[in-house]
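Numbers here simply count residues along the sequence, with the first being 1.
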Amino acid sequence: MKRMDHDVIVVGGGPGGAMAARTCAEKGLKVLLLEKDTVPRYKACGGAVSCKALQIIGPIDEVRPQYKCYGATIYSPAMRKLSCKLDEPASVLVFRSSLDHFLLKQAQDKGANINTGEKAISINVTDEHVHVITSKGEYTAKLIIGADGVNSTVARETGLRKKWEPEGYGICIETEIELTQEDAEKCVLDKELIEAYFLKSRGYGWIFPKGNIMSIGLGLWKPITIKPMQAFEDFIYFISRERGVDLATHITKKFIHRIPVGGISRKTYSEKVLLVGDAAGFVDPFLGEGIYYAVESGLVAGEVAAEAIYHGTDLSTYKERCNALFNNDLYVAFKFGNAFHKHIEKIFYLFSKDPELFKMYVLTGKGVLNYRKYMKKCITRIPVTLLKVAGSIMRNEKE
């Protein structure tokens, strides 16, 4: 069996793992990344990369194809419709197979060793090192970074998390539907806007337009009161009926997976272990967006790992830095999500009377604001919103 010594082993080749490996390599560390699948590989994901994520990643011009997204059209359970289109893109829509391949190549170009098609099976942390047994060999390192998703082997094997708390995750079902150009034009209302359809049950369906391919999915957050697959099929039927195209006949594969709910306090590190991205539960608890949190936490993990190896510092600074950068804000997002779903029609009504409230949320998704700043701006805008509502009521009474 092959045996190598490294400073850091990263498990998982998604955006978080690739960013952690790239950062470690840039810091001069000997780093090995293990990805269980061959690359490029399909990854179930809407593929929206926000501007705040791009600020960390850098230019992704090599990732093709990509589509600019300027905002969103959203619907309430009662089908109240709202749209917001910014002057500048809020995100780019890509296919994860291309994005992940690009990010891994970046890490490799910086000096990281990338082993694809190699699954981490067993992890043992001792006083001296971390010992990893894979499907192809054995490795040792000073530290390990778990970027291996919601079902993280690193989290389970190192005791950081044996299982998710009962309401700590949701269910997503996704597919990609390839259409003729004619049918794609029927189905996509605006090729520069994503669409979101909020449900009476906590969750929403989405459509991300990518040329003649539509990424369609449904996310449900616990407690789940409806059957996920039936809800997904109902959503496909609804969109098909509305657009006059039988989408079900174009579906070749459906992917169902868990997604962690962010904004819940969890263990994300121990003496020789760091968790990033979905493995750590760093996901927007309202919309389920995870790419930004993956690359941000991957960057921090790489920096903290380098500091620990070069200067002997412990890994506790990882939690502190993640909290300051985004995790404290995820707690606010968690509360926002609870309030939004509890009063969804009332909030849509306020958004319709004062579109600036919705525009500010789109800017939050872009990264111009965070949830904490968004909530503060909403509060300070209450007098303006109430005046708009009062004016609308008075106009209706005159009519």
Side-chain angles (χ1 to χ4, degrees), residues 45-54 66-96 170 172 174 176-177 184-200 202-211 213-221 235 238-239 242-243 259 283-293 333 336-337 339-341 343-371 373-375 377-378 381:
C45 178
V49 187
S50 65
C51 288
K52 59 183 176 181
L54 291 173
Q66 57 177 263
Y67 307 89
K68 292 181 179 179
C69 174
Y70 288 79
T73 297
I74 63 175
Y75 297 84
S76 76
M79 292 303 293
R80 187 188 296 270
K81 177 183 175 181
L82 299 169
S83 287
C84 174
K85 194 168 189 177
L86 303 175
D87 294 330
E88 298 293 332
S91 62
V92 293
L93 305 181
V94 300
F95 295 100
R96 279 289 302 274
C172 280
E174 298 171 290
E176 286 185 349
I177 299 175
E185 289 174 355
K186 289 180 184 177
C187 288
V188 177
L189 300 178
D190 188 324
K191 64 181 180 180
E192 294 180 336
L193 297 179
I194 63 173
E195 298 175 44
Y197 296 77
F198 289 92
L199 310 178
K200 291 180 180 179
R202 181 165 181 171
Y204 71 101
W206 69 85
I207 299 174
F208 287 9
K210 302 175 185 179
I213 295 177
M214 300 167 62
S215 292
I216 300 182
L218 185 76
L220 297 170
W221 275 250
F235 180 56
F238 166 76
I239 297 298
E242 290 292 308
R243 309 296 161 84
I259 184 169
V283 173
D284 184 322
F286 177 51
L287 292 180
E289 194 269 328
I291 293 177
Y292 160 70
Y293 301 102
F336 171 81
F340 183 92
H341 285 284
H343 306 288
I344 189 166
E345 294 296 345
K346 294 177 181 177
I347 290 174
F348 263 77
Y349 174 76
L350 293 176
F351 280 2
S352 68
K353 298 305 177 186
D354 188 1
E356 186 67 21
L357 295 175
F358 181 39
K359 180 180 179 180
M360 289 192 301
Y361 183 78
V362 174
L363 291 171
T364 302
K366 179 177 180 177
V368 176
L369 303 172
N370 60 28
Y371 277 95
K373 290 180 180 178
Y374 173 67
M375 293 300 293
K377 281 186 172 290
C378 286
R381 194 170 173 81

Tell me whether [X] contacts the main-chain N or O of [Y] through its side chain, where contact means a donor paired with an acceptor under 3.5 Å.
X	Y	value
E345	A78	yes
Y204	L287	yes
W206	Y197	no

Side-chain heavy-atom pair [X], [Y] within 4.5 angstrom cut-off:
X	Y	result
E356	R381	yes
F358	I74	yes
I207	I239	yes
F235	I216	yes
I291	S50	no

Test side chain to side chain contact (heavy atoms under 4.5 Å, CB included) on L199 and L220 and set out the steps.
-> CA-CA 9 Å; L199 310 178; L220 297 170; 3.6 Å; yes
Between E289 and K366, is the closest basic N to carboxylate O distance under 4.0 Å?
->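 Between E289 and K366 there is no salt bridge, as every charged N stays at least 4.0 Å from the carboxylate O atoms.
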Can you name the one residue among F198, W221, Y361 that meets ring-ring contact (aromatic ring centres under 6.0 Å, His included) with F340?
->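 Only match with F340 under ring-ring contact (aromatic ring centres under 6.0 Å, His included): F198.
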Name all residues meeting the side-chain hydrogen bond (donor to acceptor under 3.5 Å, both in side chains) criterion together with K52; count only those two or more places apart in sequence or in a different chain, and write none if there are none.
-> none
N/O donor-acceptor pairs under 3.5 Å from side chains in residues 80-96, not counting sequence neighbours:
{"from": "S83", "atom 1": "OG", "to": "T73", "atom 2": "OG1", "distance (Å)": "2.8"}
{"from": "K85", "atom 1": "NZ", "to": "D190", "atom 2": "OD2", "distance (Å)": "3.1"}
{"from": "K85", "atom 1": "NZ", "to": "E192", "atom 2": "OE1", "distance (Å)": "3.0"}
{"from": "R96", "atom 1": "NE", "to": "D100", "atom 2": "OD1", "distance (Å)": "2.9"}
{"from": "R96", "atom 1": "NE", "to": "D100", "atom 2": "OD2", "distance (Å)": "3.4"}
{"from": "R96", "atom 1": "NH2", "to": "D100", "atom 2": "OD2", "distance (Å)": "3.0"}

